[in-house]
**Q** 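One structure follows; several queries about it will come next.
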2 protein chains.
Amino acid sequence: MPELLDAMGLGKASFYNAFASKHAAFLTVLDCYFSAVDHVLARALEGVKNRDEAAACLLDAILTVARDPEGRTVWRGCLIGNTALEMGARDETVRNRLNQGVRLLRRHFAKALSLADSDGRVLPDSAVSALALHAVAGIQGILVLAKAGMLEEELRAAKQTLLLTLKASPLI
Amino acid sequence: MPELLDAMGLGKASFYNAFASKHAAFLTVLDCYFSAVDHVLARALEGVKNRDEAAACLLDAILTVARDPEGRTVWRGCLIGNTALEMGARDETVRNRLNQGVRLLRRHFAKALSLADSDGRVLPDSAVSALALHAVAGIQGILVLAKAGMLEEELRAAKQTLLLTLKASPLI
DNA sequence: GACATACTGGAACAAATGGTCTATTACTCC
DNA sequence: GGAGTAATAGACCATTTGTTCCAGTATGTC
């Protein structure tokens with residue numbers, strides 16, 4: 001709490017004047033995060049016309065967001081995943097919000113994966129939907145491994161494999 | 001803490017008599033968890049001779065462990081992932097232990113994926129290694145989604161897609 | 001049964017938590 | 001510039017945190 005107030009440059013009174021409770025504030029933070037991520041991912045896809053490239057861009061964008069710029073630790077992770085594992089199981093309100101977040105990620109991946117590949121081929125909707133979900137689970141998993149202290153090199157390999165499985169999509 | 005002591009049927013004194021600190025106790029818990037998971041996964045692979053089947057068995061075993069049997073919440077998740085996101089970024093000791101856990105999971109998947117498929121074909125080591133990592137990231141990701149409140153049905157679909165990407169391994 | 005040793009319940013501890021209250025400051029509008 | 005409102009700093013509060021201490025009770029040994 002002191003850390004939070006300090007970062008916000010706010011006293012307790014002001015904080016509780018602005019938010020009903022810590023919990024309520026956190027819900028607002030989640031919403032903020034969602035729209036920030038929405039914006040970042042939309043921008044990452046701007047101008048990209050190739051399916052594989054689009055998927056790669058999204059993965060990179062998410063990994064960039066998940067990397068702590070201040071360098072207090074190497075990885076800050078994704079607020080959706082972090083929150084899910086820390087309080088998702090207990091707090092239904094949070095869980096519902098997280099669902100929105102997951103759908104948001106999935107939507108972006110679906111958009112990316114519905115582009116034509118370099119040969120001009122387009123995937124059927126069912127494959128797009130399934131692979132988008134696979135991609136979301138995939139990066140969330142990679143972020144878990146990142147926070148578990150896995151080496152950058154291996155994380156890159158994991159990302160690469162995930163990407164390949166997305167390309168191998170005709171099989172789905 | 002009271003919850004913990006209650007579950008252990010221990011008083012504070014006894015607890016601090018047995019463990020140097022809460023933190024130390026948690027490290028022991030992690031080790032316990034690892035060996036339990038090791039045992040469960042080894043058993044899940046017993047007698048399975050087919051690569052695809054083996055991968056499916058491992059995924060199912062992990063999902064079973066991750067499902068809360070007492071039903072306080074639907075998903076308790078995997079202690080490795082839970083811990084990674086909750087304290088992995090800050091606590092180096094924990095992070096090192098988690099690394100062992102991840103390697104353990106990966107080892108089991110590598111073992112499963114190095115089996116021959118139904119046509120008797122075996123994957124090259126590089127593919128086994130890459131896919132094992134992909135599988136570990138994949139289930140951890142699925143567990144994140146589970147805790148984020150995703151519907152069983154979708155989780156099943158995610159598992160299915162992950163399995164398919166593991167089968168599509170000749171492409172890797 | 002006597003005695004040392006190990007265990008345990010519960011009081012006590014300091015520090016931190018989320019949250020409230022009040023007294024004062026800053027701002028706005030006339 | 002003064003009245004009325006909003007924002008704020010900081011004291012205060014109850015509760016909970018992790019941990020220690022002590023006094024009492026089992027436990028085992030001879």
Side-chain angles (χ1 to χ4, degrees), chain A residues 1-36 68 70-73 75-101 147-149, chain B residues 1-34 36 68 70 72-73 75-101 147-149:
Chain A
M1 192 68 171
E3 215 174 323
L4 172 63
L5 294 177
D6 192 50
M8 295 176 93
L10 235 55
K12 285 197 167 201
S14 316
F15 180 87
Y16 280 101
N17 207 20
F19 305 98
S21 66
K22 215 194 165 194
H23 190 262
F26 183 68
L27 258 35
T28 311
V29 168
L30 271 185
D31 289 339
C32 271
Y33 182 77
F34 292 165
S35 70
D68 187 354
E70 268 106 52
R72 285 177 308 167
T73 54
W75 293 95
R76 57 142 75 125
C78 164
L79 190 59
I80 298 172
N82 293 353
T83 308
L85 292 216
E86 213 173 312
M87 48 190 305
R90 292 177 205 163
D91 191 318
E92 203 190 334
T93 318
V94 165
R95 206 160 49 227
N96 289 337
R97 279 284 211 306
L98 289 179
N99 238 301
Q100 293 176 30
K147 282 227 178 173
Chain B
M1 192 68 171
E3 214 173 324
L4 172 62
L5 294 177
D6 191 49
M8 295 176 92
L10 235 54
K12 287 195 170 206
S14 316
F15 180 87
Y16 280 100
N17 207 20
F19 304 99
S21 64
K22 214 194 165 194
H23 190 262
F26 183 67
L27 258 34
T28 311
V29 168
L30 271 185
D31 289 338
C32 272
Y33 183 77
F34 293 166
D68 187 355
E70 267 105 53
R72 284 178 309 168
T73 54
W75 292 95
R76 57 142 75 124
C78 164
L79 190 60
I80 299 173
N82 293 355
T83 307
L85 293 215
E86 210 172 316
M87 49 191 302
R90 292 176 206 165
D91 190 320
E92 204 190 333
T93 318
V94 164
R95 206 160 49 227
N96 290 337
R97 279 286 211 302
L98 289 179
N99 237 299
Q100 294 176 29
K147 281 228 182 173

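Within every chain, numbering begins at 1; the chains are lettered A, B, ... in the order of the sequence lines, protein sequences first and strands thereafter. No hydrogens, no waters, no symmetry mates; every other heavy atom, side chains included, goes into these values.
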**Q** Let me see the working for A/Leu30 and A/Leu98 under side-chain contact (heavy atoms from CB on, under 4.5 Å), right down to the final yes or no.
**A** CA-CA 8 Å; A/Leu30 271 185; A/Leu98 289 179; 4.3 Å; yes

**Q** Rounded to the nearest angstrom, tell me the gap between atom CZ in B/Phe19 and atom C1' in D/dT19.
**A**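 Rounded to the whole Å, the gap is 15 Å.
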
**Q** In the 5'-to-3' direction, what one-character label does each nucleotide of nucleotides 3-9 of chain C receive under the scheme B = base within less than 4.0 Å of a protein heavy atom, S = sugar-phosphate only, - = no such atom?
**A** -----BB

**Q** Can you give me the closest heavy-atom contact between A/Tyr16 and A/Met1, atom names plus distance?
**A** OH-CE, 3.6 Å

**Q** Give me the atom names and distance for the closest heavy-atom approach of A/Leu10 to A/Ser14.
**A**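 Heavy atoms only, the tightest pair is CG-CB, 3.7 Å.
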
**Q** Please determine whether side-chain contact (heavy atoms from CB on, under 4.5 Å) holds for the pair B/Leu27 and B/His23, giving the CA-CA distance in whole Å, both sets of side-chain angles, and the decisive distance to 0.1 Å.
**A** CA-CA 6 Å; B/Leu27 258 34; B/His23 190 262; 4.1 Å; yes

**Q** What residues form a side-chain hydrogen bond (donor to acceptor under 3.5 Å, both in side chains) with B/Asp31, not counting sequence neighbours?
**A** B/Arg97

**Q** Show me, pair by pair, the donor-acceptor contacts under 3.5 angstrom made by side chains of residues 76-89 of chain A, not counting sequence neighbours?
**A**
{"residue": "A/Arg76", "atom": "NH1", "partner": "A/Val65", "partner atom": "O", "Å": "3.3"}
{"residue": "A/Asn82", "atom": "ND2", "partner": "A/Arg76", "partner atom": "O", "Å": "2.8"}
{"residue": "A/Thr83", "atom": "OG1", "partner": "A/Leu79", "partner atom": "O", "Å": "2.5"}

**Q** Between atom CE in A/Met1 and atom P in D/dT15, what is the gap in whole Å?
**A**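 After rounding, the gap between these two atoms is 19 Å.
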
**Q** Could you check how far CG of A/Leu5 sits from P of D/dA9, rounded to whole Å?
**A**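 A/Leu5 atom CG is separated from D/dA9 atom P by 10 Å.
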
**Q** Starting at NE2 of B/His23 and ending at C1' of D/dT19, how long is that distance when rounded to a whole Å?
**A** 16 Å

**Q** Report the distance from atom CG of B/Leu4 to atom P of D/dT19, rounded to the nearest whole Å.
**A**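 Rounded to the whole Å, the gap is 11 Å.
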
**Q** Is A/Tyr16 near enough to C/dG19 that one of its side-chain N or O atoms lies under 4.0 angstrom from OP1 or OP2?
**A** yes

